[in-house]
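Throughout, a chain's letter reflects where its sequence line sits, starting with A, and its residues are numbered from 1.
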Amino acid sequence: MLQVNFIRENKTLVTEGLKKRNFNNPEILDEILKTDDLRKQSQRQLDDILAQSNKAAKEIGALMQQGKREEAEKAKTAVAELKAQSNQLKEQLNQANTDLENLLFQVPNQPNALVPAGNTDEDNEVFKAWDKPMPTLPEGSQPHWELTKKYDIIDFELGVKITGAGFPVYKGQGARLQRALIQFFLDEAIAAGYVEYIPPLIVNEASGRGTGSLPDKEGQMYYIGKDDFYLIPTAEVPVTNIYRDVILDTKDFPVKMCSYTPCFRREAGSYGAHVRGLNRLHQFDKVEIVRLEHPDRSYAALDEMLAHVEMLLGKLELPFRILRLCGGDLSFASALTYDFEIYSAAQERWLEVSSVSNFETFQSNRMKCRYKDENRKNHLVHTLNGSALALPRIVAGLLENHQTPEGIVIPKALRPYTGFDMIK
RNA sequence: GGAGAAGUGGCAGAGCGGUUGAAUGCACUGGUCUUGAAAACCAGCGUAGGUGUGAGCCUACCGGGGGUUCGAAUCCCUCCUUCUCCGCCA
């Protein structure tokens with residue numbers, strides 16, 4: 001969430017930022033400032049009363065020790081009045097605090113100046129286009145949901161039987177390909193200096209709030225009501241929260257973490273051709289990279305992450321482009337996001353396979369993740385993350401783009417991991 | 001799942017109703033000393049909110065939340081976590 005003081009000092013800028021995002025309730029900023037004023041006022045009054053009552057309590061203590069019982073009793077009755085006042089103020093302060101937090105939770109992150117204006121994915125800016133020839137497929141080529149059937153490597157119907165739609169079953173070479181990709185992505189991340197983590201796949205509410213997934217994406221997450229837990233929608237949630245309530249030293253930067261996890265998303269409201277096959281699943285595998293950076297370095301880190309993902313796609317021999325998301329398409333917590341899309345020749349459309357974002361201090365403010373500068377002053381860190389990569393659409397792309405009459409050709413870089421060079 | 005014990009600053013560890021944000025030790029930072037280092041000595045060393053140009057001052061925080069009391073790290077309730085024993089189990 002944004003810091004109140006940031007809103008206070010940059011109200012015009014924040015208003016413009018909200019406009020860029022098509023945020024429908026810019027009046028909320030005034031409400032926030034008003035609530036914060038009330039909070040401060042209550043705090044002041046309460047502190048004043050408490051200071052008085054602390055002083056009185058000490059005096060009573062002194063009187064008791066001197067054996068002046070009657071005077072002490074008299075002083076006690078005087079304090080009762082203060083007590084009543086402080087209780088009321090405490091309540092008022094608590095209310096102001098929760099009101100303020102609820103309001104702040106509704107405000108999305110301030111978009112970076114580079115974020116283009118626009119409402120929908122149509123308005124995203126092509127940051128890097130595919131400048132090589134598009135793949136051409138042989139006669140009779142098929143979309144991946146046919147190919148998976150043909151080679152018997154992913155069974156969607158079986159997943160429906162066991163669980164429901166969006167929970168495919170990987171089989172034989174399909175399962176092996178899945179495992180190979182995970183291993184490949186992890187090895188590449190580790191080679192790039194990311195430390196591997198295997199986190200819990202279920203998180204508590206505090207963690208969900210830490211990354212801004214709650215309350216924003218509440219409906220997207222599977223909720224385990226009995227224990228008040230959530231299935232993770234991405235490794236970002238547990239991994240970023242490793243550093244919740246942590247104060248780093250400047251020498252700890254950069255913090256680079258990577259993690260493979262299954263991801264669980266309810267995807268309520270999704271329908272149609274766009275969810276066909278592997279295009280949108282309730283459970284899928286992903287390798288995520290997460291970084292904590294000094295604010296001065298975070299955008300350089302973002303560039304490094306882009307280069308990393310580019311490299312992966314290059315090794316997988318998939319045509320891709322990079323989009324810079326417009327204000328309307330930018331996720332709630334992000335300041336700047338680049339999406340990677342690979343081209344699916346069989347479906348004749350672009351598929352999003354990675355999203356790389358800088359959240360600046362939006363998450364760290366919620367998580368209270370800070371660093372101590374040279375003058376021992378605390379500041380919020382910048383957090384970043386990106387998929388490197390999400391598997392299902394990569395698999396879709398590999399199957400579709402690399403299909404030949406003889407079978408599906410595995411890219412060279414992946415062969416040491418699959419142990420075969422063709423799916424047939 | 002059942003029965004006990006415990007949760008204090010970066011760590012260790014006092015305090016068990018009054019002036020304790022918290023002794024002491026270690027670690028850490030700055031300084032003195034030294035050719036350099038170590039040792040020794042001196043000083044500093046938590047987080048957050050409020051207030052002030054500032055030094056500073058005020059308030060809160062001893063696992064979380066609530067309560068008793070003029071006053072709580074200290075007493076009570078509740079939740080969480082850890083440890084020990086028993087049971088169950090991949």
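- Distance, D48(A) CG to rU59(B) P: 10 Å, rounded to whole Å.
- Ring planes of Y223(A) and Y230(A): tilted class, angle from 30 to 60°.
- As rounded to whole Å, 12 Å separates atom P of rC70(B) from atom CG of N87(A).
- No side-chain donor-acceptor contact under 3.5 Å links R291(A) and T383(A).
- Using a 4.0 Å cut-off between charged side-chain N and carboxylate O, R8(A) and D37(A) make a salt bridge.
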Using atom names, set out every protein N or O paired with an N or O of nucleotides 10-12 of chain B below 3.5 Å, distance rounded to 0.1 Å.
none

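- To the nearest whole angstrom, the two C1' atoms, one in rU8(B) and one in rC16(B), are 12 Å apart.
- Put simply, CD1 on I247(A) and SG on C369(A) are 9.0 Å apart, with the number rounded to the nearest 0.5 Å.
- Residues from residues 195-205 of chain A that place a heavy atom under 4.0 Å from any atom of RNA chain B: there are none.
- In RNA chain B, runs of at least 3 stacked Watson-Crick or G-U pairs (N1-N3 plus N6-O4 or O6-N4, or N1-O2 plus O6-N3, all under 3.5 Å) give these stems: B:1-7 with B:80-86, B:10-12 with B:24-26, B:28-32 with B:40-44, B:46-51 with B:56-61, B:63-67 with B:75-79.
- Taking atom P in both rU74(B) and rU19(B), one finds a spacing of 13 Å when rounded to whole Å.
- Contacts of residues 68-81 of chain A with RNA chain B (heavy atom under 4.0 Å): K76(A), V79(A).
- Using cut-offs of 30° and 60° for the angle between ring planes, the F127(A) and Y338(A) rings count as tilted.
- Toward the 5' end of RNA chain B, the nearer of the two residues I60(A) and N94(A), judged by each one's closest nucleotide, is N94(A).
- Looking at residues two or more places apart in sequence or on another chain, you find a ring pair (Phe, Tyr, Trp, His ring centres under 6.0 Å) between F167(A) and H282(A).
- Note on N54(A): every side-chain N or O is 4.0 Å or more away from OP1 and OP2 of rC58(B).
- In this structure, M64(A) places its CE atom 14 Å from P of rU69(B), rounding to the nearest Å.
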Margin query: The test is side-chain hydrogen bond (donor to acceptor under 3.5 Å, both in side chains); show your working for E360(A) and Y299(A) and say whether it passes.
Written below: CA-CA 9 Å; E360(A) 298 191 1; Y299(A) 280 95; 2.4 Å; yes
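- Going from the C1' atom of rG71(B) to that of rG18(B) covers 6 Å, rounded to whole Å.
- Comparing rA72(B) with rA22(B), their C1' atoms are spaced 13 Å from each other, to the whole Å.
- Counting only N and O atoms by type, the side chains of T12(A) and T15(A) include no donor and acceptor under 3.5 Å apart.
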Margin query: I'd like to know whether F362(A) forms a ring-ring contact (aromatic ring centres under 6.0 Å, His included) with F332(A), so could you lay out the CA-CA distance, the side-chain angles of the two residues, the decisive distance to 0.1 Å, and finally the verdict.
Written below: CA-CA 10 Å; F362(A) 195 83; F332(A) 190 78; 5.8 Å; yes
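- Heavy-atom nearest nucleotides on RNA chain B were determined for S53(A) and for L50(A), and the one closer to the 5' end corresponds to L50(A).
- The two residues P199(A) and P238(A) make their nearest non-hydrogen contact at CB-CB, 3.6 Å.
- A salt bridge does not link R324(A) with D339(A): every distance from a Lys NZ or Arg NE/NH1/NH2 to an Asp or Glu carboxylate oxygen is 4.0 Å or more.
- Using atom P as the reference point in both rG25(B) and rA39(B), the two lie 16 Å apart (nearest Å).
- Here E73(A) pairs with K76(A) in a salt bridge; the nearest charged N to carboxylate O distance falls below 4.0 Å.
- For K161(A) and E157(A), the salt-bridge test fails: no basic side-chain N is under 4.0 Å from an acidic carboxylate O.
- Comparing the C1' positions of rC89(B) and rU78(B) gives a spacing of 31 Å, expressed to the nearest Å.
- What separates CG of D228(A) from C1' of rC80(B) is a distance of 13 Å, to the nearest Å.
- Rounded to an integer number of Å, the gap from K58(A) NZ to rC58(B) C1' is 11 Å.
- Ion pairing between a basic and an acidic side chain is recognised when a charged N comes within 4.0 Å of a carboxylate O; R297(A) and E304(A) show such pairing.
- Between E341(A) and R393(A), no side-chain nitrogen of the basic residue sits less than 4.0 Å from a carboxylate oxygen of the acidic one, so the salt-bridge criterion is not met.
- Using a distance-only test at 3.5 Å, with no hydrogens or angles considered, no donor-acceptor pair links the side chain of R366(A) to the main chain of T211(A).
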Next item on the list: Encode nucleotides 42-53 of chain B as B, S and - characters from 5' to 3', where the letter depends on protein heavy atoms closer than 4.0 Å: B to the base, S only to sugar-phosphate, - to neither.
Entry: ---SSSSBSS--
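- Distance check on atom P: rG1(B) versus rC76(B) gives 26 Å, rounded to whole Å.
- With ring centers used as reference points, H379(A) lies under 6.0 Å from Y371(A).
- Rounded to an integer number of Å, the gap from D227(A) CG to rU81(B) C1' is 15 Å.
- Distance CD (Q52(A)) to P (rG71(B)): 14 Å, rounded to an integer number of Å.
- Going from the P atom of rG30(B) to that of rG46(B) covers 16 Å, rounded to whole Å.
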